[in-house]
Amino acid sequence: MDTMRWTDDGVLELLDQTRLPSEVVYIKCATHGEVAAAIKRLAVRGAPAIGAAAAFGLVLAGRRLKCLPEEEFIAGLRAAAAELAATRPTAVNLRWALERMTRRLETSGSRDPDALCAVLLAEARSLYGEDVAGNRKMGVYGQELIPAAARILTHCNAGALATAGYGTALGVIRAAREAGKGISVYAGETRPLLQGARLTAWEMLQENIPVTLITDNMAGYLMARGGVDLVLVGADRIAANGDVANKIGTYVLAVLAREHNLPFYVAAPVSTIDLSLASGQEIPIEEREPEEVTHLAGLPLAPGGVSVWNPAFDITPHRLVTAIITDWGIVRPPYVETLQELFETKKT
Ligand code: MRU
């Protein structure tokens, strides 16, 4: 199932993930504002997927602006990129994708709006295609870390739905399965928005990968009973020292994994690594509406007027991360050195 598709008549269709697993519905976005709204309300979500959606959003902006004089066209595109980038602050892939798109505008050598729209579309398409290819590479590298018959605990959804396809953490799980390993998955439900229950469980069932759903507060007891062999999650941003921002609740799992001597792996494309930030303390953490905590599927769970704190992500300190699986290879501590080396080796 495609997370998103670009149609011949120039519309971006997004699989509305807020309706899964009950309904499979695609929403049509004809403007960058509609894409921004879809990202904000998590109709499309997951770090690489919002980057790709924003890239196509910029194409939509270009198509609307192309009747304007060149200067205004470029200024309008920059404003649209800023609007898309402001939708969600934590996942760096969003900013990375938009910066890549605007850089491509500058290097194209053309000032003609029609030509630039074609350049933008080609760039969004390659960004999308590269994401799937990168996830497959991550799968090849990462599955080497997965023992046969491993019982893997994952959190949130770092699957095909969170990317252009195949997934990061779930991509590694898929690759282990394709390599013939009889693995099984525990999916933490991931309050408040239940990406684990609604999306990861759904993806795994679709492919007949054995999956057991638990609520988030069951993970400790499950580990204490010896029910988990490793934890494997995705990431929204990784700082230069290896600190990892991922869905709220990830940090708890990393602490629990350390207590129970279990490996804690993070799978993420290099576009999630932000070497400009020295540590996770500098990563902006999105805080969302209280209703996501006080309500479930529109029904109130808490007394009206209660005060609520709803951070969407947390930071797992690098010392709790056993290894980071990227599309360029596996990185191990000391991350402050090995992450730098990863980029330097690629440059040469
Ligand atoms: O709020 P969400 O659903 O966008 O959060 C998603 C996550 O935290 C994922 O684990 C992360 O983006 C990695 S997706 C490959």
Side-chain angles (χ1 to χ4, degrees), residues 3-4 14-18 20 38-54 87-97 128 131-132 134-139 142 152-174 185 187-203 216 231-238 244-254 264-274 280 283-289 292-293 310-316 321 324-327:
T3 315
M4 66 195 77
L14 295 172
L15 177 60
D16 187 346
Q17 298 190 31
T18 65
L20 288 172
I39 294 173
K40 204 151 181 76
R41 71 174 186 87
L42 271 54
V44 59
R45 34 69 49 204
I50 59 177
T87 51
R88 298 198 75 192
T90 303
V92 75
N93 310 60
L94 180 61
R95 200 188 70 199
W96 170 87
Y128 184 82
D131 187 53
V132 184
N135 290 342
R136 291 217 170 249
K137 282 197 197 138
M138 224 179 292
I152 305 167
L153 173 60
T154 190
H155 189 59
C156 192
N157 174 267
L161 292 166
T163 62
Y166 202 65
T168 58
L170 296 192
V172 172
I173 287 170
R174 287 191 164 95
V185 175
E189 68 171 350
T190 318
R191 270 287 284 154
L193 294 179
L194 303 173
Q195 289 92 330
R198 295 186 301 104
L199 309 176
T200 293
W202 185 73
E203 270 195 41
D216 300 323
V231 180
L232 174 58
V233 296
D236 287 82
R237 198 185 299 217
I238 300 173
V244 173
N246 191 48
K247 179 53 55 192
I248 190 77
T250 302
Y251 172 47
V252 178
L253 296 182
F264 180 89
Y265 297 124
V266 174
V270 289
S271 52
T272 303
I273 301 170
D274 186 354
I283 299 177
I285 297 293
E286 175 183 4
E287 293 192 13
R288 294 184 59 86
E289 293 303 311
E292 292 180 354
V293 176
N310 184 17
F313 301 96
D314 60 24
I315 306 290
T316 297
V321 179
I324 301 174
I325 304 156
T326 80
D327 39 345

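Heavy atoms only: backbone and side chains are in, while hydrogens, waters and symmetry mates are out. Just follow the structure's listing: the first ligand is 1, and inside any ligand the first atom is 1.
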Those residues that, when tested against Val270, pass side chain to side chain contact (heavy atoms under 4.5 Å, CB included) (two or more places apart): Ile273, Thr326, Asp327, Trp328, Leu342, Phe343
With Pro89 via side chain to side chain contact (heavy atoms under 4.5 Å, CB included) - residues at least two apart: Pro284, Glu286
Under 3.5 Å side-chain donor-acceptor pair for Asn157 and Arg45: yes
Any residue meeting side chain to side chain donor-acceptor pair (under 3.5 Å) with Asp216, in chain and number order, not counting sequence neighbours: none
Nearest-0.5 Å distance that lies between atom CG in Leu20 and atom CD in Glu203: 9.5 Å
Distances under 3.5 Å, N/O of ligand 1 against N/O of the protein: list each pair and its distance.
residue, atom, partner, partner atom, Å
ligand 1, 1 (O), Arg88, NH1, 3.3
ligand 1, 1 (O), Arg88, NH2, 2.8
ligand 1, 1 (O), Lys247, NZ, 2.8
ligand 1, 3 (O), Arg45, NE, 2.8
ligand 1, 3 (O), Arg45, NH2, 3.2
ligand 1, 3 (O), Gln195, NE2, 2.9
ligand 1, 4 (O), Gly46, N, 2.9
ligand 1, 4 (O), Arg88, NH1, 2.7
ligand 1, 8 (O), Asp236, OD1, 2.9
ligand 1, 8 (O), Asn246, OD1, 3.2
ligand 1, 8 (O), Lys247, N, 3.3
ligand 1, 10 (O), Asn246, OD1, 2.6
ligand 1, 12 (O), Ala47, N, 2.9
ligand 1, 12 (O), Asp236, OD1, 3.2
ligand 1, 12 (O), Asp236, OD2, 3.0

NZ/NE/NH1/NH2 to OD/OE distance under 4.0 Å, Asp16 and Arg41: yes
